[in-house]
Amino acid sequence: MTTLVVHPCERPLVGSVPVPSDKSIGHRALLLAAICHGKSRIKGFSGGDDNRSTAAALRAMGISIDESGQEVTITGNGLFGLRASASALDCGNSGTTMRLLCGLLAPQPFESTLTGDASLQSRPMLRVIGPLRSRGARIDGRAHPTKTADLTAPLTVHGLPSGEYLGPLEHVSVVASAQVKSALLLSGLYAHGPTYVREPTISRDHTERLLLSLGVPLSTMGPIVRLDPSTWNGQIPAFDLDLPGDPSAAAFLVTAAQLVDKSMVVVRDVGTNPTRTGFFEIARDMGAGIATEPHGERGGEPIADVHAWSAPLRSARIGGELIPRAVDEIPIACALAARAIGTTMIADASELRYKESDRLATMALVLAAFGVECEERPDGLVITGKEGAFTPARIDSRGDHRIAMTAAVMALAASGPSRIDDVDCITTSFPKFVGTLRALGARIDVEGANA
Ligand code: S3P
């Protein structure tokens, strides 16, 4: 188990740095390249463990994937070019891998087993299995140990006997979830009949953008998506895609720049798709020093350099449609709230309880350990900003990468060294996290197994 010893910053964080490629888009690009015709190239791929889980699952199903530096070449064999894997497909820590694979594998003519690490084996899966079953998919799972009537991994996706197809689907979801939406759209590529998905508010739309760019007949209207394959030839052409930087990773650096006085940080080539920019809007509302300098598109997604500098922060109310657009950034937004003048209310965020850890409960512990007043509510947190330095803390990340990184960023503004335990998980999304903070001037020691 690896531990970070993070020292308080004695000088400002300064510099211009990249972030890893967008993890969400990476998953989608790999999956679609595997079912297109011919060789696709994904450029700027930084290979966090979650994206590697998707690549490994596809390799196990006979897809050739070659990596050379940051370029990945995938040879697709068409919609029905996947083969049964000889063993269970291990999705590691990646909920996106497991849920999107449910959609892709449900219409295949073979059976698959999907499994993952202990965290993934406790995440709710009925949200994706339920609507897939309602269009004819045969998927079984293990009874969820605590969430009554839900299912969790390992999952068995039985596939369909020859001559059987998935039917049309009209799904109105109660929570905005891009994983569910994407799984249903992937299954819809194989269905006899249209796929209609309506969310309460819009979740990230990378799947829709990519499918549209590849000629799949899909239309969107706000949080409504409709895919109708009846007019489509069933062929996805091979493609080249240059991945944008991950805005979820950029959020940690933007926050570090707020917490360390006089910092000036530039994060280069960050994806600024509006379905992902909730955190930047929250930070701006709280008075953070932040400006985006747009410079065109990458892979059909807008990108910008994000400039961040320390500025006095004020409290905010964070809820409603902002939550799905900042769903992975709520832990690091708590670090802004911890430093803001006043009391920040985070509401409508009960979904955070079903992420890699129960992020409301875990963040309440992290904030308390750093000496920040915090009240946990069923759907959020109430955080009162702390004047002056945070109390040095010892934090257990609970194997959750975003908790580990949030704690490391808060530790930069503590009055003495802090220890963050169980940080190997950081490689799921930001393998060069420590190196990037060091390049900006932070002092972080790495102790333990992978030091
Ligand atoms: C993701 C969607 C979000 C997010 C996750 C990645 C995706 O999950 O939390 O990290 O790539 O589709 P939900 O779909 O469960 O909201």
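Counting convention: from 1, in listed order, for ligands and their atoms alike.
For the residue pair D49 / N93, no side-chain donor-acceptor distance below 3.5 Å is found, with atom types taken as modelled. Donor-acceptor pairing under 3.5 Å is recorded for the side chains of T96 and Q179. Side-chain atoms of H401 and S429 form a donor-acceptor pair, as typed in the model, at a separation below 3.5 Å.
The side-chain tip of R325 does not point at the ring of F280 from less than 6.0 angstrom away and within 45° of straight on.
Checked for salt-bridge contact, D328 and R204 meet the test: a charged N lies under 4.0 Å from a carboxylate O. With respect to the salt-bridge test (charged N to carboxylate O, under 4.0 angstrom), the residues D246 and R276 qualify.
Only the side chain of R99 comes within 4.0 Å of ligand 1, counting heavy atoms alone; its backbone N, CA, C and O stay farther away. For H206, no heavy-atom contact with ligand 1 is shorter than 4.0 Å.
When hydrogens are left out, the protein atom nearest atom 12 (O) of ligand 1 is R28 NH2, 2.5 Å; that is the closest non-hydrogen contact. Considering only non-hydrogen protein atoms, atom 14 (O) of ligand 1 sits nearest to S177 OG, 2.7 Å.
For ligand 1, the atoms sitting less than 4.0 Å from at least one non-hydrogen atom of T96 are 1 (C), 6 (C), 7 (C), 11 (O), numbered in the order shown with element in parentheses.
Checking only distances, A178 does come within under 3.5 Å of ligand 1, N or O to N or O. Ligand 1 has no nitrogen or oxygen under 3.5 angstrom from a nitrogen or oxygen of R402. The shortest N/O to N/O separation between K23 and ligand 1 does not fall below 3.5 Å. Ligand 1 has a nitrogen or oxygen under 3.5 angstrom from a nitrogen or oxygen of S24. Taking distance alone, with nitrogen or oxygen atoms compared against 3.5 Å, D328 approaches ligand 1 more closely than that limit.
Distances shorter than 4.0 angstrom do not occur between any heavy atom of H27 and any atom of ligand 1.
Within a 6.0 Å radius of CZ in R419, other residues, nucleotides and ligands contribute more than 12 heavy atoms.
Closest heavy-atom approach to atom 13 (P) of ligand 1 within the set R123, K355, R359: this belongs to K355.
Between L381 and T344, the closest side-chain pair of non-hydrogen atoms is not below 4.5 Å.
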